[in-house]
Amino acid sequence: MCAYVLVAEDEPKQAELIGRFLARENHTFQLVGDGRTALDAIRGRRPDLLVLDLMLPGVDGWDVCRAVRAEDADLPVLVISARADADDKLLGFDLGADDYLAKPYDPRELMARVRALLRRSGANSAVARRALRVGDLELDPMRHEVRIGGRPVACTPAEFRILAVLAAEPGRVFSRAQLLEDGYGLDGFITERTIDVHVRNLRRKIEADPATPAYLLTVYGVGYKITDLGDRDR
């Protein structure tokens, strides 16, 4: 899969290294060194993937990620950062990143993650192709659309995959490990803890009261399930 990748990295040597590896796999790319230029580039030509360093001058990577998600829920975002603390990683996912790679990293691992994100974001790689409905919750994988009571809901690619896995089998309880495998495949690099972050974000978007969810339920000690309003077991 040849793609157009935007790389927002302010360290010239790192940016050039990423560019060389992208070129080896026949991707086209643009290198930018600050957050404002990254946002302008995205608005000028939407990339297939954004590789985003967090420590950018001017507008930092956190704010770039927020802005991207406010405008485009579907754009895959791979964060790279020297900030390897678990809380930083979870914050990155909370802001809508699809993957997070700590520096220093092996460029081969970076490219494996690029390939995985591009595969998962392809039009034919949705977890399910048929439209799904659970109560007032509707998913259209082919259009990557979610609606609740007819209202559009903006979901990141990672959130959509988790929701689609659950909605395909209402009432079935999925463990975090199963959601990782079914939603990401064996080439995924997401940890089980980040599933909880995505579920929390989804509840904010689809539940009338996220503290008392009606659709996306926790089965304590096991995992998560999705159900309609008729099943209130939590």
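Heavy atoms only: backbone and side chains are in, while hydrogens, waters and symmetry mates are out. The shown structure was predicted, so the numbers you read here are calculated from the model rather than taken from an experiment.
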Looking at every heavy atom in both [X] and [Y], which two are closest together, and how far apart are they?
X    : Y    : result
D74  : C155 : OD1-O, 3.9 Å
C65  : L95  : SG-O, 3.8 Å
L17  : P107 : CD2-CG, 3.7 Å
Q178 : V173 : OE1-O, 3.8 Å
A15  : E9   : N-CG, 3.7 Å
G19  : F29  : O-CE2, 3.3 Å

Under a 4.5 Å cut-off applied to non-hydrogen side-chain atoms, are [X] and [Y] in contact?
X    : Y    : value
V7   : L22  : yes
V134 : L139 : no
L110 : L78  : yes
V219 : L217 : no
Q30  : Y4   : yes
Y100 : L54  : yes
L137 : L216 : no
Y224 : I195 : yes

Pairs under 3.5 angstrom only: tabulate donor-acceptor contacts from the side chains of residues 56-64 to other protein residues two or more places apart or in another chain.
residue : atom : partner : partner atom : Å
D60     : OD1  : W62     : N            : 3.2
D60     : OD1  : D63     : N            : 2.9
D63     : OD1  : R66     : NH1          : 2.7

Which pairs with one or both residues in residues 131-156 pass ring pair (Phe, Tyr, Trp, His ring centres under 6.0 Å), sequence neighbours excluded? H144-F160

Under the rule for side chain to side chain donor-acceptor pair (under 3.5 Å), what residues qualify as partners of [X], not counting sequence neighbours?
X    : answer
E145 : none
E11  : none
D106 : R108
E138 : none

Look up atom [atom1] in [X] and atom [atom2] in [Y], then write down how far apart they are to the nearest 0.5 Å.
X    : Y    : atom1 : atom2 : answer
T28  : L6   : OG1   : CG    : 10.5 Å
T156 : D98  : OG1   : CG    : 5.5 Å
I80  : K103 : CD1   : NZ    : 5.0 Å
D99  : L49  : CG    : CG    : 9.5 Å

Could you list all the salt bridge (charged side-chain N to carboxylate O under 4.0 Å, His left out) pairs where at least one residue sits in [range], not counting sequence neighbours?
range            : answer
residues 201-212 : D94-R204, E159-K205
residues 75-84   : R83-D88
residues 27-37   : none

Can you list every pair that meets side chain to side chain donor-acceptor pair (under 3.5 Å) and has a residue in residues 14-24, with sequence neighbours left out? Q14-Y105

Below 30° counts as parallel, above 60° as perpendicular, anything between as tilted: where do the rings of H198 and F93 land? perpendicular

Where the side chain of Y215 meets the backbone of D136, is there a donor-acceptor pair that is under 3.5 Å apart?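 Yes; at least one donor-acceptor contact below 3.5 Å.
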
Taking only residues two or more places apart in sequence, or in another chain, which ones meet A73 in a side chain to side chain contact (heavy atoms under 4.5 Å, CB included)?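 If we apply the side chain to side chain contact (heavy atoms under 4.5 Å, CB included) test to A73, skipping adjacent residues, the hits are A154.
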
L75: side chain to side chain contact (heavy atoms under 4.5 Å, CB included) partners, not counting sequence neighbours: I42, R46, P47, L50, V68, R69, D72

More than 12 heavy atoms of other groups within 6.0 Å of M111 CE: yes

